[in-house]
Amino acid sequence: MGLTPDAMLRKLQDHLRDYLSLPVRITGNMPVPERSFERSRNQYNSTRILREILRETPADAIKIVGIIDKDLCIPILTFVFGEAQLGGMASIVSIARLRQEFHGLSPDDGILFERLCKEALHELGHNFGLIHCHDRECVMYLSNTVMDVDRKLSIYCESCDAALYGKTEPWRM
Amino acid sequence: MEPKVNILIVDDEEIVRESLANWLEEDGYEVEAVENGARALERLPAKDWNLAMIDLKMPGMDGIQLMDEIRKVRPDTIVIIMTAYATVDTAVQAMKKGAYDYIVKPFNPEDLSITIRKIIEHQKLVKENIYLRKELKKQYRLHDMVSKNHKMIEIFELIKTVAKSSSTVLVQGESGTGKELLSRAIHMESPRRNAPFVTVSCAALTESLLESELFGHEKGAFTGADQARSGKIELAKDGTLFLDEIGDISLKLQMDLLRVLEEKEFRRVGGTQLISVNSRIIAATNRELTKAIEEEKFREDLYYRLNVISVTLPPLRERKEDVPLLVEHFLERFNIEMGKNVEGIAESAMRLLLDYGWPGNARELRNVIERAMVVTKGKMILEADLSLPQAPGVSVSDGRGKSLSEMEKEHIRRILKENRWNIIRSAQVLGIDRVTLYNKIRKYELKKETVLNM
Ligand SMILES: Nc1ncnc2c1ncn2[C@@H]1O[C@H](COP(=O)(O)OP(=O)(O)O)[C@@H](O)[C@H]1O
Ligand SMILES: [Mg+2]
Ligand SMILES: [Zn+2]
Ligand SMILES: [Zn+2]
């Protein structure tokens, strides 16, 4: 959604496909829904975007993850990295705060990609029914800061992996 | 599995409800969201709500009014008030009325995570404490005896029933396990409680002394018997005769006793008159009578006579759960006896007591506590106040336990290192499954060291 670089998206596609053994497809670019903009906060409401994504979801989709370059929030929180429907169809990941430049550092595509992979796997995990994990290194650990994101590995821990493996069974390649 | 944590969201704005519910569900909470106070009150009885997150400004009942209602019905439910408009007044009002926290939207996600986790953690502690207190109340008491061990409680139950009859009871168990105490309890639970309870320590006396102790004697029955005397059997009358350490009596006295039990009458030493026996007999021993029978040191027929109802008290080392209970029991008792005011025992001291093997059972524990209460300077019994023998047997088995897990930790660390922390391979080498290995890594807090020279 919006301005996400194509090369990085394709890299993410490959990574998710290889890692999850699931078919992964990039849909057409979807405009950022106007009404999700929260003027007073200069942020976008992730729950509203999620609703729009659901409306645009192809009939044959297993799950759908929106990647967006806008800063997301929900009414009661100052920001969110993403949002997912637990055990549901759709999720969204924002790369705005995953960028080094958001934190006053020079841009680094490698780091950004690494973080994007983690957050995409994280939100997809939620869509497949996984909740947050207590293992700080597990990709399902709740990250509230980029430091949290960087500390986790790009993989699920043993038990999350086992749970996910069961849930993805019907579609695995 | 941890029990589910239930959170109720009350907010008139749908997008707030949906987004907050999504966010909380991702964290594993069970969430329900309703749009006003009335609906919230309807949902209250449905679940054991841990937490209610309530919007301050809603049409109809406002957040504070709803909180008041919730506190009446579910005082255990913790309330967080949410609002978009921070005014000191409402915040103070909310907190005064018992809100746990007051959140001004938007809130930092990390702070909210921590706040909620703290609430849940706190609630768990409160619940465990209540549970603990309930458990303590369930502890069992039989007169002066306390225990919460299931075998002991079964014995207490049995005793309450058999006490009503006059059947002979055989109480077995190591020294200090409470055989005499239990026998007194049988007496006190029985219709004979106002009649005497008479104890004969069979181990303490020589055969002839014991004989006269039991049966009494007539004047001139033996040299020195310058007066007639009634024996303990007579003294017990309609009460209870407690034969302690019955396993220690001679074969001749076993014969005499058997006759008394069978015929319900006896003669004093040197006497001719038959005296009838009306007392109930309880016998106790720390010996294994079946073994003594094999060794022909105890008459089998007497054993069967005594063994009408048989109770075996388990040693204290097999019911360590009773140690804290007994400590509390003795503290109370000695506080009264010594006029002291010792309030408790330090955790480290309790650990020592729990680790000890108690060869002398409850009696030894009583003595240790008694001594500790004499020497202690403060309100708490400390490690230094305890004088436990450094029994080699005990400390060896203890040390072995420690070194075993120490060895396991080292072994796992080495295998992991050898396999460069490849979990699957390491688990194979160790012969355990991956989940078990993960659990052990967590248990021993093993960490992958960053190896530079690889
Ligand atoms: N279950 C118990 N509850 C409270 N005190 C106990 C208990 N068991 C033993 N004791 C204490 O231990 C002491 C020794 O018990 P006792 O009945 O004389 O043991 P035994 O006859 O088996 O050697 C008792 O005086 C009492 O203080
Ligand atoms: Mg005794
Ligand atoms: Zn998450
Ligand atoms: Zn995990």
Side-chain angles (χ1 to χ4, degrees), chain A residues 35-36 38 40-41 43-51 54 72-88 90-92 97 122-123 125-127 129-138 140-148 153 155-163, chain B residues 1-2 4-5 9 11-31 33 53-56 80-84 101 103-117 421 423-424 426-427 432-442 447-448:
Chain A
R35 46 188 309 264
S36 68
E38 306 258 343
S40 60
R41 300 176 56 170
Q43 285 174 309
Y44 290 77
N45 184 312
S46 62
T47 312
R48 286 196 200 283
I49 302 177
L50 218 49
R51 288 182 184 172
L54 271 172
L72 300 179
C73 69
I74 61 173
I76 96 146
L77 295 180
T78 47
F79 73 91
V80 290
F81 285 132
E83 181 175 342
Q85 300 173 295
L86 186 72
S91 54
I92 182 165
R97 283 176 191 254
H122 180 100
E123 300 304 343
H126 282 320
N127 285 152
L130 302 191
I131 58 170
H132 290 146
C133 180
H134 296 299
D135 184 338
R136 281 171 173 273
E137 296 192 342
C138 173
M140 289 314 292
Y141 186 80
L142 166 62
S143 355
N144 287 314
T145 64
V146 276
M147 260 145 42
D148 289 338
L153 306 175
I155 54 172
Y156 302 93
C157 75
E158 184 79 7
S159 60
C160 289
D161 192 54
Chain B
M1 268 281 282
E2 300 224 346
K4 282 281 178 194
V5 173
I9 299 170
D11 198 305
D12 55 321
E13 259 188 279
E14 195 197 349
I15 197 78
V16 174
R17 295 198 299 273
E18 189 179 332
S19 60
L20 183 55
N22 273 349
W23 190 81
L24 291 168
E25 280 169 359
E26 287 174 17
D27 224 12
Y29 301 115
E30 288 280 298
V31 185
M53 301 184 70
I54 304 173
D55 189 29
L56 180 64
I80 289 182
I81 296 284
M82 309 182 287
T83 180
D101 212 339
I103 287 182
V104 179
K105 297 183 258 188
F107 202 65
N108 180 300
E110 192 163 20
D111 292 346
L112 186 57
S113 294
I114 292 169
T115 302
I116 294 179
R117 277 181 199 173
W421 275 74
I423 300 296
I424 297 169
S426 304
I432 54 180
D433 62 61
R434 285 175 297 171
V435 177
T436 310
L437 179 53
Y438 267 106
N439 288 338
K440 293 206 184 283
I441 290 173
R442 279 205 193 112
K447 294 231 166 52
K448 193 171 178 172

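Proteins come first, then strands; the chains are lettered A, B, ... in the order of their sequence lines, and each starts at number 1. Below, each value reflects all heavy atoms present in this structure, side chains not excepted, and no hydrogens, waters or symmetry copies. Note that this is a predicted model, so its numbers are computed, not measured.
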(request) Find the distance between CG (A:D148) and CD (B:E110) and round it off to the nearest 0.5 Å. (result) 6.0 Å
(request) Can you tell which part of A:R48 gets under 4.5 Å to a heavy atom of chain B, answering side chain, backbone, both or neither? (result) both
(message) Measuring from atom OG1 of A:T78 to atom CG of B:L112, what distance do you get when rounded to the nearest 0.5 angstrom?
(response) 10.0 Å
(request) Please flag which part of A:S143 lies under 4.5 Å from any non-hydrogen atom of chain B: side chain, backbone, both or neither. (result) neither
(request) Quick one: pull up NZ in B:K105 and CG in A:L77 and give me the separation to the nearest 0.5 Å. (result) 11.0 Å
(message) Could you report the tightest heavy-atom contact between A:Q85 and B:N22, atom names first, then the distance?
(response) CA-OD1, 4.3 Å
(message) To the nearest 0.5 Å, what is the distance between OH on B:Y438 and SG on A:C157?
(response) 7.0 Å
(message) Shorter than 4.5 Å, heavy atoms on both sides: which option in A:I74, A:L50, A:V80 has the most such pairs with chain B?
(response) A:I74
(request) Heavy atoms only, distances under 4.5 angstrom: which of B:V16, B:I15, B:L20 has the most pairs with chain A? Name it, please. (result) B:I15
(message) With a 4.5 angstrom heavy-atom cut-off, is it the side chain or the backbone of B:R17 that approaches chain A, or both, or neither?
(response) neither
(request) State plainly whether the residues A:E158 and B:R442 are in salt-bridge range, i.e. N to O under 4.0 Å. (result) no
(message) How long is the straight-line distance from CG of B:D27 back to NE2 of A:H126, given to the nearest 0.5 Å?
(response) 8.0 Å
(message) On a heavy-atom basis, which atom in A:R41 and which in B:P106 lie closest, and how many Å separate them?
(response) NH2-CB, 3.4 Å
(message) Testing the basics here: between A:I131 and B:E25, what is the closest heavy-atom pair and its distance to 0.1 Å?
(response) CG2-O, 3.6 Å
(message) Within a 6.0 Å radius of atom CZ on A:R35, are there more than 12 heavy atoms belonging to other residues, nucleotides or ligands?
(response) no
(request) Could you check if a side-chain atom of A:I76 sits within less than 4.5 angstrom of a side-chain atom of B:D11, using non-hydrogen atoms only? (result) no
(message) Quick one, A:T47 and B:E14 - any side-chain contact, counting heavy atoms below 4.5 Å?
(response) no
